[in-house]
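A quick write-up on the structure given underneath.
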Amino acid sequence: METIYSNRPFDLNSSSDMFGTYFKSRTIKSILDVRMDYFKENNMIALYGTWGSGKTSVMRYLQSEIENYSVIFFEAWKYEYDSNLSLSLLEAIMDQIEKEKDILHTFIDETKSAARKLFSLGKNIILNTDISLPGAKISTSKAFSQTKEMYEKKSFYSEVQSFNNKFNRIIEKYYEITNKKLLIFIDDLDRCEPSNVLNLLSSIKHFFTDTNKIVYFSGIDKKAVSKAINIKYNNHITAEEYLEKIFDVTFHMPTTYELDKLIEDFLIKVNDFDKMSEKTGNLIKEFLGHINFNNPRKIKKIFNKYLFLCELNRVNKHKSNGLEYKLIPQNFSRHEPLQVIYTLYILILFEFEKEIFNEMFDYQSKMGKVKEEYSSENIQVKSNTQVGLVNLINEKVINIPYLKWNSESFDKLTRAGEHREIDFFIMLLYMLPLDVKKVSIPLLNTTSPEAIIKLIETFISGHITTANKIQYLFVTFTWDLLKEGLELQTEDIAFHKLFEMANLYL
C-alpha cells in the first residue's frame with residue numbers, strides 16, 4: 001500500500017475513485033460514444049472544474065476508454081512558451097495523424113506550411129478579432145465575414161481560407177481512411193498564462209472547428225478564464241458570457257464530494273503508524289465539510305503532510321537518547337480528536353492560507369492588533385470586578401504558546417463561580433479574524449454558564465462577515481465541539497505550538 005497520496009492524475013476506476021468522479025467519467029463516455037451525431041455541429045466541449053478537482057484524471061480515463069474516436073491529448077501548459085500555442089496544437093494533431101497514416105504526409109506538410117503562414121501573418125489580428133456583446137467585444141468566427149475587407153488588405157483573409165481548406169481536407173481524408181473522428185483533449189489550461197488561455201480558445205474556435213469530423217474537449221477552470229478576461233476586457237464581460245460563445249456542450253466536475261472512501265483510506269494509512277479511531281475519522285469529515293475544504297488535490301496534500309508528521313513521530317519513538325523532533329506533541333501517536341483537527345487546520349493554513357498562518361505565528365504582533373482594536377474594553381473576572389482587557393492581554397500574551405483551547409480552559413471560563421479564568425477568551429481573540437468592524441467584548445457579568453455561553457456565541461457570530469472565513473469557521477466548529485463536551489485528553493499540547501511544528505518541520 002502507498003503510504004502517501006499522489007497528486008498526479010491516476011488511473012480512474014471504481015476502486016481508485018475516492019471522490020465520486022468515476023460515475024461522471026462513465027456518463028461522459030457514454031454520451032460521446034452513443035450520441036456521436038450530436039457532436040457533428042456541437043464540437044466544442046468544456047469540462048468545468050477548479051484546479052485540482054480531477055479534470056485530468058477524467059480526461060485520461062476517457063482517452064483510455066473511448067471507442068469511437070481517435071484521441072489526441074494536448075497538454076497546453078507544456079507548450080505555452082512556444083511562439084504560438086495554436087501552432088503547437090496544430091502540429092500535435094498533424095504529428096499524430098502522420099504516425100497513424102503516413103500516406104497523408106503530403107497533405108500534412110501543406111497544412112503545416114499554411115498554418116505557419118497564417119499564424120505568423122495574423123497573430124496580432126487573431127488576438128484582436130472582435131464581435132459585439134453587451135458592454136464589450138469578444139472573438140468569434142463571425143468576425144471574419146464582418147471584417148473581410150480588412151483581412152484582404154492584409155492578405156489575411158485568403159490565408160485563413162487557404163488554411164481552413166487544407167486543414168479540413170486532411171481531417172476528411174483521415175476520416176475516410178479510419179472511419180473515426182478525432183477527439184482532441186486540451187488539458188492544463190488553468191496552468192497557462194491568462195493571455196494564452198484566451199488566445200488558444202479563440203484560435204481553436206476560429207480555425208480548427210470548421211469540420212464535423214473533429215471534437216475538442218477542454219478542461220476549464222473558470223477562475224483562470226475570469227482572470228484572463230479581466231485583464232483583456234477590463235471586467236466588461238463575465239467568464240460565463242465568454243465561455244458561452246466558445247463552447248457548445250459543457251460538463252461540470254462535482255463541487256461537493258463524498259469523502260467516506262478517502263477518510264477510510266486515510267485511517268488505514270495512519271494506522272500503519274498508530275491507531276486512529278473511526279470516530280476521529282468521522283470528525284475529520286465533518287470538519288472539512290464545515291470549513292468548505294473539499295478540493296481533492298488539496299485534501300490529499302494536507303493528508304500527506306499529516307502522514308509525514310506520523311513518520312517523524314515514529315523516528316521520535318525509536319530514539320533512545322531523547323526526541324529528535326521535539327515540537328511534535330508527545331501524545332501525537334494517540335491522534336486525539338481535537339488535536340487532529342487543530343493539526344489539520346494549521347496544515348491547511350500553512351499550505352494554502354499563508355498570510356493567516358504568518359499572522360498567527362507572530363502571535364505578539366497579532367495580539368498587539370487585538371489590543372489596538374479593544375483598547376477601551378473591560379471584562380469581568382470576579383463578581384463586581386472589571387479589568388481592562390488590554391491589561392489582561394499584557395499579562396497573558398507572553399504565554400500564548402502555552403495557552404490551551406480545550407475543555408478544561410472552556411470550563412474555567414464558562415462554568416466558573418466567583419473567579420473566572422480568562423485564558424480561553426484570550427485564545428479566542430487570538431484565533432478570530434480582525435478584518436471585521438469592531439465587535440463589542442461581552443462583559444460576562446453573570447455566573448450562569450448558559451448565559452456566558454450565549455454572550456460568547458454572540459461575540460463569535462459578530463465575525464461572520466469576515467473575508468477570512470476559514471478562521472471564523474474553525475472557531476465555530478471547535479467551539480461547538482467543546483460546548484458538547486469533546487475532550488482533549490492532554491495537558492502538554494498548546495495550540496500555538498502546532499504552528500511552530502508546521503513552520504519548522506514542513
Fill in the blank from the handout: Note: Ala467 and Asp435 closest approach over all heavy atoms is N-OD2, 2.9 Å
Handout entry: Pairwise side-chain contact, Leu444 with Ile456, heavy-atom cut-off 4.5 Å (strictly under)
Key = yes
Problem - Charged N-O contact under 4.0 Å between Asp260 and Lys285 - result: yes
Exercise for the section: Look at the side chain of Glu351 and the backbone N and O of Ile348, then say whether any donor-acceptor pair between them is shorter than 3.5 Å. Expected result: no
Handout entry: Side-chain H-bond candidate by donor/acceptor type, Ser202 with Asn199, under 3.5 Å
Key = no
Exercise for the section: Answer yes when Asp272 and Lys269 have at least one side-chain N-carboxylate O distance shorter than 4.0 Å, and no when they do not. Expected result: no
Exercise for the section: Please check if atom CH2 in Trp77 has more than 12 non-hydrogen atoms from other residues, nucleotides or ligands closer than 6.0 Å. Expected result: no
Practice task
Determine yes or no for a side-chain-to-main-chain donor-acceptor pair under 3.5 angstrom, with Asp188 supplying the side chain and Arg191 the backbone.
Solution key: no
Problem - SB check Glu75 Arg60 (cutoff 4.0 Å) - result: yes
Handout entry: Charged tip of Lys222 within 45° of Tyr48 ring normal and under 6.0 Å
Key = yes
Practice task
Establish, from distance only, whether the side-chain atoms of Asn316 and Glu324 form a donor-acceptor pair under 3.5 Å.
Solution key: no
Problem - Leu504 side chain near Tyr325 side chain, heavy-atom distance below 4.5 Å - result: no
Handout entry: Cation over ring face, Lys366 and Tyr430, 6.0 Å, 45°
Key = yes
Practice task
Determine yes or no for a side-chain-to-main-chain donor-acceptor pair under 3.5 angstrom, with Lys55 supplying the side chain and Gly49 the backbone.
Solution key: yes
Problem - Side-chain donor or acceptor of Asn378 paired with backbone N/O of Leu443 under 3.5 Å - result: no
Completion exercise
The side-chain hydrogen bond (donor to acceptor under 3.5 Å, both in side chains) partners of Arg26 (sequence neighbours excluded) come to Tyr61
Practice task
Please find out if less than 6.0 Å separates the ring center of Tyr306 from that of His335.
Solution key: yes
Exercise for the section: Mark yes or no: Lys354 above the aromatic ring of Phe350, with NZ or CZ under 6.0 Å from the six-membered ring centre and no more than 45 degrees from the axis. Expected result: yes
Handout entry: Donor-acceptor contact present, side-chain Ser277 to main-chain Thr280, <3.5 Å
Key = yes
Exercise for the section: Could you go through the salt bridge (Lys or Arg N to Asp or Glu O under 4.0 Å) check for Glu377 and Lys438 one step at a time? Expected result: CA-CA 11 Å; Glu377 298 279 349; Lys438 179 181 173 181; 3.2 Å; yes
Problem - Any side-chain heavy-atom pair of Asn292 and Ile470 under 4.5 Å - result: no
